[in-house]
Amino acid sequence: MTSLDASPEGSALTPDGWVEGRVALEGERIKAIEGRKLPKGATPQAPYVIPGFIDLHVHGGGGADWLSGEAGIRAFIRYHASHGTTAMAPTTAVGPVARIEEALAAITAIAADRRAGEPVVVGAHLEGPFVNPKRPGAMDVSLMLAGDPELAARWARQYRIAVATVAPEIPGGRGVVEALTRAGCRVQAGHSVATPDELAHAFHWGCCGFTHLFNAMTGLEHRAPGVATYALAKAEYAEMICDMIHVDPLVVLAARRAIPRLYAITDASAAGLPDGEFEWGGRKVIKRGGRITLMNGTTLAGSAITMLDAFRNLVQLGVGLDEAVEMTSTRQADYLGRRDLGRIEAGARACLVKLGPKLELKGVWIDGQSISPAVSEPEPAPAA
Ligand SMILES: [Zn+2]
């Protein structure tokens with residue numbers, strides 16, 4: 001049982017604004033927000049108590065990744081949880097079908113059996129293999145598959161998949177989008193060169209988001225609108241890697257103006273690892289500073305950040321604390337239709353983060369239980 005003493009104190013961001021006081025917990029849930037409501041526009045004082053971060057696109061961290069088996073996946077999600085990510089969708093990538101199935105089975109098992117120190121697993125993010133070899137990013141073209149609606153439907157039946165990245169324009173793409181949508185997954189266009197017409201159809205079939213906006217998709221050519229242009233013009237939701245390396249900070253701000261519910265992801269592969277060469281998804285990669293690339297030194301291969309870094313990066317860009325919370329937690333919960341996550345209100349799951357005046361991590365609560373936060377001083381965003 002959680003004692004009342006464990007209830008976090010500080011300036012809590014609720015759907016109605018900031019409240020200076022205490023978030024009272026009861027078991028796994030938030031019982032009440034007690035204290036003085038700040039008038040709109042008033043500056044809250046640290047420490048800040050905010051909804052725990054939600055990462056819907058994260059492949060690994062702390063030396064393990066989606067290919068590391070159930071124990072490894074539990075380790076990598078714990079790594080992110082210790083940095084304040086209290087809910088996530090562990091993300092597969094393009095790989096041999098048997099390895100993808102192994103990972104989906106492990107993630108499904110973990111989602112049903114959360115252990116101490118682990119975040120809430122909302123389901124897997126299936127990134128590929130039904131994507132377009134014309135926009136592989138760091139993924140292996142030879143393992144990409146044409147759309148296989150039966151395989152997709154079987155996976156969605158057998159495993160818990162919350163989010164899926166599909167290139168709707170590939171052969172069989174329509175069947176995959178429809179099968180996954182029917183099963184309740186949020187299907188996003190990504191690793192794609194779809195035309196605006198093809199995207200309009202895909203959204204009619206059930207597609208509802210975009211995967212790492214600007215990365216591994218056609219872009220913003222003003223007389224030849226690509227996937228990113230379509231997203232800026234039409235999208236309600238899109239994810240964006242907020243390491244300030246994958247997308248220039250100015251472009252992050254431009255996208256934020258255009259897309260009402262733009263949200264941050266890490267796409268982390270090697271968060272928490274020292275510089276050097278290592279293997280990721282069966283491929284050799286190199287990490288230098290905040291940058292991870294294939295051995296060619298230019299193709300980015302995931303990020304080295306946590307959601308806490310994404311949050312700090314956004315604040316450093318001039319995004320207000322309230323909106324940074326929206327972009328790192330609330331919108332993700334809304335996208336999944338999860339009213340129990342991503343907000344501090346009575347009845348919601350007690351998944352919380354406490355930050356000091358420099359946004360240093362002071363506490364993490366998952367389902368009402370306090371876990372020990374990683375010691376991490378804020379660092380300036382790496383130069384893009
Ligand atoms: Zn990814």
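Counting starts at 1 for both ligands and their atoms, following the listed order.
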Holding to side chain to side chain contact (heavy atoms under 4.5 Å, CB included), I want the full list of residues that pass it with Pro260, two or more places apart in sequence or in another chain.
Glu236
Residue list, ring pair (Phe, Tyr, Trp, His ring centres under 6.0 Å) with His80, at least two apart or on another chain
none
Working to the nearest 0.5 angstrom, can you tell me the gap between Leu232 CG and Phe210 CZ?
9.0 Å
Closer than 2.8 Å to the Zn ion (ligand 1), what protein N/O/S atoms do you find?
His57 NE2, His59 NE2, Glu127 OE1, Asp267 OD1
Classify the angle between the aromatic ring planes of Tyr230 and Phe203 as parallel (below 30°), tilted (30 to 60°) or perpendicular (above 60°).
tilted
Going by atom types alone, do Glu127 and Thr91 pair a side-chain donor with an acceptor below 3.5 Å?
no
With sequence neighbours excluded, residues passing salt bridge (charged side-chain N to carboxylate O under 4.0 Å, His left out) with Asp113
Arg74, Arg115
